[in-house]
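The structure under discussion appears below in the form of structure tokens.
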Amino acid sequence: MSSFFWNMFQSGQIDQNAIKSSHNSVRTNSNSQDLTYLQDRLDTLSLANQAMWELLSEQLGLSEADLLKRMEHIDLRDGVKDGKITKPVIQKCPECGHQSKTHRACCYWCGASLSSTSPFAG
Ligand SMILES: [Zn+2]
């Protein structure tokens, strides 16, 4: 009789593992699609970046040393040389000068709009 319950338990475990495996397969497929999308976006952005650089270099006579110097300058704006542009957490209100977190749409102190007009704001 105990082997009957043991077999039922084992059968239940196998069914649960099959369901988990199915869910993991769906999740893996979704992650793979996300990765393909991001790779395509990166390829397009790299191509646009290369084209912009070549235009600037040809038309303004800028060198790669100029480019690398500016990249380092921008990288260091947050005080950390890590090869990344780190979005600031705090911004200064253009109306009252108080500091607010960058995710806020309006200033906590005066209610002024904090939405950026920069094309690079995320
Ligand atoms: Zn304000």
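Worth knowing before you read on, the calculation uses all heavy atoms, side chains too, and leaves out hydrogens, waters and symmetry mates. Just follow the structure's listing: the first ligand is 1, and inside any ligand the first atom is 1.
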Pairwise side-chain hydrogen bond (donor to acceptor under 3.5 Å, both in side chains) hits with a residue in residues 59-68, at least two apart: Ser63-Asp66
Listed once per pair and sorted, the ring pair (Phe, Tyr, Trp, His ring centres under 6.0 Å) pairs that draw on residues 8-45, sequence neighbours left out: Trp6-Phe9
The Zn ion (ligand 1) neighbourhood, protein N/O/S only, threshold under 2.8 Å: Cys93 SG, Cys96 SG, Cys107 SG, Cys110 SG
Measure the spacing between [atom1] of [X] and [atom2] of [Y] and express it to the nearest 0.5 Å.
X      : Y     : atom1 : atom2 : value
Tyr108 : Cys93 : OH    : SG    : 14.0 Å
Asn24  : Asn17 : CG    : CG    : 10.0 Å
Leu67  : Leu62 : CG    : CG    : 8.5 Å

Below 3.5 Å, can you tabulate the donor-acceptor pairs from side chains in residues 39-54 to any protein atom, sequence neighbours excluded?
from: Gln39; atom 1: NE2; to: Asp43; atom 2: OD1; distance (Å): 3.0
from: Thr44; atom 1: OG1; to: Asp40; atom 2: O; distance (Å): 3.0
from: Ser46; atom 1: OG; to: Leu42; atom 2: O; distance (Å): 2.9
from: Gln50; atom 1: NE2; to: Glu54; atom 2: OE2; distance (Å): 2.8

